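Counting starts at 1 for both ligands and their atoms, in listed order. Nothing fancy with the numbering, it's 1 onward along the sequence. Just so we're clear, the structure is a prediction, and the values are computed from it rather than from any experiment.
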Amino acid sequence: MWKSVLAGILIAAFAIAAFLAIGCATFFGPAICAIDRKKQAFTPTVQSPARHDLYMREGAPEPYRDKQNPMEKTIGNIVEGARLYDLRCAVCHGLMGVGDGQGGASLAVQPADLGRSLGQPLYKDDFFYWSISEGGAPFGTDMPPFKNDLTDRDVWRILTFMRASFAEQGGPVADDAAAPP
Ligand code: HEC
């Protein structure tokens, strides 16, 4: 009797081991398992891996390197940052910064989910200052450069707002989170 129980346990253990080794996709197909894998691995808005590769290798280029946000986290700066974000960025990155804006839907490289990088301590202020100022031209994406359009102080105010609102929010959002207020 105990032998068959033992055999049962062994078979179950083997099945689990095989499942882990061969992978979910082999059993259930990639469609189901891809979702799982996406949640596990940290994907820092891999919309433009080139941007992230460069930053990880060399840091932000001059004159953006090591610059820190000089704007204080006051309600005034956050509200002004929110106003500018709604006006200039939400069309592509979405109201909640997850990258679901109407304007981005048809772009070859999709707008980034800003909360992911904002929630990562490795991505310092200079990453955002540089990305927003120079845009995606160096990487062939449609992220516009804002350096001639917004003052430095406004770029920093937008970052102040984004840090206050989007940071660490990278995961899936509730359906109603992206709805207009
Ligand atoms: C026309 C659509 C569009 C608009 C408008 C836009 N973006 Fe983007 N943005 C993109 C796309 C596409 C990417 C991904 C490709 C890349 O990184 O170059 C991106 C990437 C970024 C990144 C890099 C994030 C990361 O983690 O890779 C930041 C930061 C960013 N945008 C901030 C902003 C801000 C702030 C504004 C408004 C001032 C803005 N964007 C306006 C399309 C847009």
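Residues Val98 and Arg116 form no side-chain contact, since every pair of their non-hydrogen atoms from C-beta on lies 4.5 Å or further apart. At a threshold of 4.5 Å between non-hydrogen side-chain atoms, the residues Leu150 and Ile158 count as touching. With contacts defined as side-chain heavy-atom distances shorter than 4.5 Å, the pair Ser117/Phe128 qualifies. Between His93 and Met143, some side-chain heavy-atom pair lies under the 4.5 Å cut-off.
Among the atoms of Cys92, none of the N, O or S atoms falls under 2.8 Å from atom 8 (Fe) of ligand 1. Taking 2.8 Å as the threshold, Ser131 does not count as a candidate ligand of atom 8 (Fe) of ligand 1, since none of its N, O or S atoms lies below it.
Residue contact check for ligand 1: Gly104 places no non-hydrogen atom closer than 4.0 Å to it. Residue Phe127 places a heavy atom less than 4.0 Å from ligand 1. For the ligand labelled ligand 1, residue Phe139 lies outside the 4.0 Å heavy-atom shell. Heavy-atom distances between Gln110 and ligand 1 reach below 4.0 Å in at least one pair.
Taking every heavy atom of Ile158 and a limit of under 4.0 angstrom, the matching atoms of ligand 1 come to 35 (C), 38 (C). Each of the following atoms of ligand 1 lies closer than 4.0 Å to a heavy atom of Pro111: 10 (C), 11 (C), 12 (C), 13 (C). In summary, the atoms of ligand 1 found under 4.0 Å from a heavy atom of His52, numbered by their order in the structure, are 25 (C), 26 (O), 27 (O). Here is the list of ligand 1 atoms found below 4.0 Å of a heavy atom in Pro144: 3 (C), 4 (C), 5 (C), 6 (C), 7 (N), 43 (C). If you number the atoms of ligand 1 from 1 as listed, the ones under 4.0 Å from a heavy atom of Ser117 come out as 25 (C), 26 (O). If you number the atoms of ligand 1 from 1 as listed, the ones under 4.0 Å from a heavy atom of Phe146 come out as 36 (C), 37 (C), 38 (C), 39 (C), 41 (C). The ligand atoms of ligand 1 that sit less than 4.0 angstrom from a heavy atom of Arg51 are 16 (C), 17 (O), 18 (O), 23 (C), 27 (O). Residue Gly136 approaches ligand 1 through these ligand atoms, each under 4.0 Å from one of its heavy atoms: 18 (O).
Taking each of Asp142, Thr141, Val109 in turn, the one with a heavy atom nearest to atom 12 (C) of ligand 1 proves to be Val109.
The angle subtended at atom 8 (Fe) of ligand 1 by NE2 of His93 and SD of Met143 is 180°, given to the nearest 10°.
Of the possible donor and acceptor atoms, one in the side chain of Arg65 sits under 3.5 Å from a partner among the backbone N and O of Glu58. Using a distance-only test at 3.5 Å, with no hydrogens or angles considered, a donor-acceptor pair links the side chain of Gln110 to the main chain of Ala105.
Applying side-chain contact (heavy atoms from CB on, under 4.5 Å) to Leu159 and the options Asp125, Asn77, Leu114 leaves one that passes, Asp125.
Residues forming a side-chain contact (heavy atoms from CB on, under 4.5 Å) with Ala60 (at least two apart in sequence, or on another chain): Tyr55, Tyr64, Asp126, Trp130. Asp152 is linked by a side chain to side chain donor-acceptor pair (under 3.5 Å) to Tyr129, counting only residues two or more places apart in sequence or in another chain.
Contact annotation for Leu84 and ligand 1: no heavy atom of the residue comes within less than 4.0 Å of the ligand.
Under 4.0 Å is where a charged nitrogen must lie from a carboxylate oxygen, and between Asp149 and Arg88 at least one such pair does.
Taking a 6.0 Å sphere around CD1 of Ile75, one finds it holds 12 or fewer heavy atoms contributed by other residues, nucleotides or ligands.
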